[in-house]
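The first residue in the sequence is number 1, and the count goes up from there. Fair warning: this is a prediction, and the values are worked out from it, not measured in the lab.
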Amino acid sequence: LATGPRQNNGIFYEIRTYDIKPAKMKEFLEMVNKYFHFRTAHSELVGFWYSELGAMNKVLHIWKYDNFAHRTAVRHALANDKEWQGKFISAALPLVEKQHNEVAYLVPWCQLGKPSKEGGVYEWVTFQMKPGGPALWGEAFRAAINAHINTGYTKLIGVFHTEYGLLNTVHVLWWNESPDQRAAGRHSAHEDARVVAAVRDSVRFLESQQNVLLIPLQCSPLK
């Protein structure tokens with residue numbers, strides 16, 4: 001009931017979320033920036049962020065894979081990479097309280113974007129939709145996303161629909177120049193009759209929503 005149309009290739013994205021021990025967050029982030037080049041030598045990192053608002057002591061990173069065989073080969077290589085295992089994994093795992101991963105595809109009408117410049121903030125919005133998949137709620141959801149894009153206050157980076165993990169979940173990644181610019185844009189958008197109408201139609205299919213403000217790490221390709 002969750003799968004539906006997706007891009008016409010095997011590319012998928014693994015979304016990994018870690019809860020870090022509160023007293024160890026600074027240490028963990030320093031280790032990532034220092035040693036993560038050992039990990040990115042094996043596959044493409046889309047972005048790496050830590051949470052600032054909406055969640056605490058969390059990091060989120062997204063990896064791109066050509067197909068599942070590609071991911072299997074990468075995971076095998078990582079298990080045998082002595083520098084990655086010795087310098088990062090052995091030291092970082094004791095700092096982690098919980099790990100969660102999902103596999104998701106970009107929705108067919110979305111290409112992975114980039115911000116217009118470095119130095120902004122990202123917003124990770126998770127929508128739990130009613131069972132039925134895009135055949136049920138896809139068009140209304142797309143209209144709501146486009147209504148926000150058309151206001152011009154925000155930049156869409158990607159829309160991801162889960163294949164493994166909690167199903168009927170859609171993650172939307174936005175970019176804004178600053179939290180204040182985002183707040184002002186949101187206030188204006190919610191006074192726009194076109195946005196209000198599109199959102200009202202889409203929320204008929206919504207179970208829950210969570211917004212998290214993310215700050216990119218130094219090692220993140222998306223900054």
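In this structure, Val96 and Lys21 have side chains that are not in contact, with every pair of non-hydrogen atoms separated by 4.5 Å or more. The shortest side-chain heavy-atom distance between Tyr65 and Val103 does not fall under the 4.5 Å cut-off. Taking 4.5 Å as the limit, some side-chain heavy atom of Glu14 sits within range of a side-chain heavy atom of Arg71. Looking only at side-chain heavy atoms (C-beta outward), Pro179 and Leu213 come within less than 4.5 Å of each other. Contact annotation: the side chain of Val59 approaches that of Met25 to within less than 4.5 Å [non-hydrogen atoms, C-beta and beyond]. At least one side-chain heavy atom of Cys219 sits less than 4.5 Å from a side-chain heavy atom of Val32.
For Arg39 and Trp63, the positive end sits near the middle of the six-membered ring, less than 6.0 Å away and at most 45° from its axis.
Nearest heavy atom pair, residue Ala91 against residue Met31, reads CB-CE, 3.3 Å. Among all heavy-atom pairs drawn from Tyr153 and Arg186, the shortest one is OH-CD, 2.9 Å. Between Ile157 and Pro115, the closest heavy-atom pair is CD1-N, 3.8 Å. In plain terms, the two heavy atoms of Pro131 and Asn168 that are nearest each other are CA-ND2, 3.5 Å. Contact record, Met129 with Phe141: CE-CD1, 4.0 Å, taken as the closest heavy-atom pair. Looking at every heavy atom in both residues, Ala144 comes nearest to His148 through O-ND1, 2.9 Å.
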(request) Starting from the C-alpha separation in whole Å, work towards a yes-or-no answer on side chain to side chain contact (heavy atoms under 4.5 Å, CB included) for Val170 and Val159. (result) CA-CA 7 Å; Val170 183; Val159 181; 3.6 Å; yes

(message) One pair to check against side chain to side chain contact (heavy atoms under 4.5 Å, CB included): Glu123 and Arg182. What are the steps and the verdict?
(response) CA-CA 9 Å; Glu123 184 178 10; Arg182 182 262 183 197; 2.6 Å; yes

(request) Mind running side chain to side chain contact (heavy atoms under 4.5 Å, CB included) on Leu112 and Tyr13 for me, showing each step along the way? (result) CA-CA 11 Å; Leu112 194 63; Tyr13 298 85; 4.1 Å; yes

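No continuous path of ILVMFWY side-chain contacts below 4.5 Å connects Leu166 to Val172, so the two sit in separate hydrophobic clusters. Phe205 and Trp109 fall within the same hydrophobic cluster, where Ile, Leu, Val, Met, Phe, Trp and Tyr residues are linked whenever their side-chain heavy atoms come under 4.5 Å apart, directly or through other members. Both Ile149 and Val203 are part of a single hydrophobic cluster, where members link through side-chain heavy atoms under 4.5 Å apart.
Looking only at distances, no side-chain donor or acceptor of Gln209 sits under 3.5 Å from a matching main-chain atom of Thr126. The main-chain N or O of Val125 is never found under 3.5 Å from a side-chain atom of Asn211 such that the two would form a donor-acceptor pair. When atom types are taken as modelled, the side chain of Ser220 and the backbone of Phe48 share a donor-acceptor pair closer than 3.5 angstrom. In this structure, Lys223 contributes its side chain and Gln218 its backbone to a donor-acceptor pair below 3.5 Å. At distances below 3.5 Å, not a single donor-acceptor pair connects side-chain atoms of Asp81 with backbone N or O atoms of Ala77. Looking at Gln128, its side chain does come within 3.5 Å of a backbone N or O of Leu167 through a donor-acceptor pair. For the pair Asn101 (side chain) and Arg16 (backbone), a donor-acceptor distance under 3.5 Å is absent. With Asp201 contributing its side chain and Ala197 its backbone, the two residues share no donor-acceptor pair below 3.5 Å.
Under a 4.0 Å N-O distance rule, the pair Lys117/Glu177 qualifies as a salt bridge. Salt-bridge formation is detected for the pair Lys26/Glu30: a Lys NZ or Arg NE/NH1/NH2 atom is positioned less than 4.0 Å from an Asp or Glu carboxylate oxygen.
Counting non-hydrogen atoms of other residues, nucleotides and ligands closer than 6.0 Å to CZ of Arg194 gives a total of 12 or fewer. Counting non-hydrogen atoms of other residues, nucleotides and ligands closer than 6.0 Å to NE2 of His76 gives a total of 12 or fewer. A 6.0 Å sphere centred on CD of Glu207 holds more than 12 heavy atoms belonging to other residues, nucleotides or ligands. The number of heavy-atom neighbours closer than 6.0 Å to CD of Glu27, taken from other residues, nucleotides and ligands shown, is above 12.
Partner Phe12 forms a side chain to side chain contact (heavy atoms under 4.5 Å, CB included) with one of Phe160, Phe68, Tyr164 and no other, that one being Phe68.
To the nearest 0.5 Å, atoms CG (Leu45) and CG (Leu222) are separated by 8.5 Å. Atom CG of Leu214 and atom CH2 of Trp175 lie 14.5 Å apart (nearest 0.5 Å). The NE2 atom of His70 sits 9.0 Å away from the CD atom of Glu44 when rounded to the nearest 0.5 Å. Atom NZ of residue Lys24 and atom CD of residue Glu97 lie 11.5 Å apart, to the nearest 0.5 angstrom. Separating the CG atom in Leu60 from the OG1 atom in Thr17 is a distance of 4.0 Å, to the nearest 0.5 Å. With rounding to the nearest 0.5 angstrom, the CD1 atom of Ile62 is 4.0 Å from the CH2 atom of Trp49.
Less than 6.0 angstrom separates the ring centroid of Phe88 from the ring centroid of Phe36. Checked against the 6.0 Å centroid criterion, the rings of Tyr105 and His161 do not qualify as a close aromatic pair. When ring centroids are compared, His171 and Trp124 come within the 6.0 Å threshold. Note: His61 and Tyr18 meet the aromatic proximity criterion, with ring centroids under 6.0 Å apart.
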